[in-house]
Amino acid sequence: MRKYKNFRSFFRLNTIKNITLVQFRNYSSGTFSFTAPVTCITGPNGSGKTNLLDAVYYLCYSKSYFSAYQQNSVQMGMDGFRVEGLFTHEGRDELISCKWKQGKKELFTNGTLYEKFTDHIGKYAAVIIAPDDMELINEGSELRRKWVDSILSQTDREYLERLMHYQRVLLQRNAWLKLQSINPSGDYTELEYYNAQLAGDGTYIYEQRSIFIARFLPLLSDFYHQLSGGKEVIAVTYETDMAKKPMAQWLEENLQHDLRLQRTLRGIHKDDWDFELNESSLKSFASQGQKKSFLFALKLAQYTYLSIEQKHLPILLLDDIFEKLDQQRMEALLRIIRGTGFGQVLLTDTHAERVRAAFGEQEEIEFIRL
Amino acid sequence: MVFSSKLIEDAVQEFSRLPGIGKKTALRMVLQLLKMEKGDVDGFTNALSKMRHEVQFCADCHNVSDGLVCAICGNRARNNSQVCVVENIRDVIAIESTQQYNGLYHVLGGILSPLDGIGPEQLNITTLHKRVKDKGVEELIMALSPTIEGDTTVYYIARQLQGITLRITTIARGISFGGELEYADEMTLAKSIAKRLPIENYVSVNGK
């Protein structure tokens, strides 16, 4: 076994020892164990490599990373699935099971039903790096907001509560704006209440997002330079209406626009983050290679941020990434993830030899061949 | 379901319009009625028909009533300076069942929710305003659900009544009675600590 250095004595290692899948995606049933620090899942295309990673992710967050529809996680033609995994949490074994049947989901710890899913969130963390994640850089702002929200919701309970409250109030405010366009009452009393609620939650969310980005940037910059070997200056600009004036003022002063378009135009629900390399936009000007390095750095920084906040090391899930990386970046990535500050790694690849060659002969890797 | 009688089928159809009643339950009820004496069934249907025709809504509080004014509003023994604002008639029944409240009620008939198309004009707020102004109400107790919609309604009413000398209170929120702390959800517990009360509300240690 590898010797855990100082870093690891502060951060407990949370690992998954084995997993059992029943009617999950393409698995009728199957049990897999992960005994080594690095597990490599190999097999031809369509054999279910990614599904196995997704099952591990599912047990950590009780949802799929790849599909928003729970029904998609069920094996074709079946009406439910079960995923069960043995984790080690703070030195103790814990069996987490998730059962999904006809739209009803149940989550158990050591056989006892969780009353609320939120009690489970934050206990086990996992970070996935998958080929489609490039969307985070190339696509619209909604994906980036979801990404930041998912990190902050895991580490700050109040953030999650306030975010959910904000979204519900926003729905009511927008519905109110629509009603006003059909039947203007001239009575803005309800609006006053919605504005006050949105301003309270919005200010908190804005503050937390600002703090987050300030703490996240040094991690991101460090990982980017390690991966690319380059010297580019990394910046992440938090683009938010709140920087210009407070939420309460936006809601009040922008009312006529809001009424005309029947929705709330300004607020933290419009926030975005602009990624920059040497002061030009990553999305529009960076090369594919630079984007790739940036994406990996984002995910690694997410990993480190979560480990610092939660005081334990997440499980790192790498989906089919060796194919997409050149030799230099691959070596840099491996140095990082096998160094201190990183824990259990599960990865998929079509070729076992490639992974063996990349990690070197002395690395303890368990191979699962599908 | 296949019926040999159109009469039975119609009756089943009617019963299954009620909430919580499916076709099978409806059939059971119809068959039971079929077993009963004709006179008894008349009594049954007359009670229903009479209820629907004769029930009125109280002109003051909008509660169900047998007359122009309901039994609660008409009761001289009740404290008419206190009015408890509730969402619907079910809430009146729930609070009455506690036998701890001796004031009057005001039934709003819903709570403000633009998403469901419910605005102030759908609720009995104008009559509340009038009642507070004209009838010497001293205290308004808001007994509405602690949700965004409930809180919006509380805010709305409080703003409408601004400028009128009146005490507006809201029912306590927090740890339920007889509840144990470890089972309380974190949000409730956090709010209960933030809105804590002096112990005099519960025990008296003075004069001991």
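Numbers restart at 1 for each chain; the letters A, B, ... are given by sequence-line order, proteins then strands.
- Open room surrounds CG on B/D66; 12 or fewer heavy atoms of other groups in view lie less than 6.0 Å from it.
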Enumerate, by atom name, each donor-acceptor pair separated by under 3.5 Å where one atom lies in chain B and the other in chain A.
residue : atom : partner : partner atom : Å
B/S113  : OG   : A/Q172  : NE2          : 3.0
B/L115  : N    : A/Q172  : OE1          : 3.0
B/E149  : OE2  : A/Q172  : NE2          : 2.7
B/Y155  : OH   : A/E192  : OE1          : 2.5
B/Y156  : OH   : A/D187  : OD2          : 2.1
B/R159  : NE   : A/E192  : OE1          : 2.6
B/R159  : NH2  : A/E192  : OE1          : 3.1
B/R159  : NH2  : A/E192  : OE2          : 2.6
B/E186  : OE1  : A/R157  : NH1          : 3.1

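- Looking at A/L179, only its side chain comes within 4.5 Å of chain B, counting heavy atoms on both sides.
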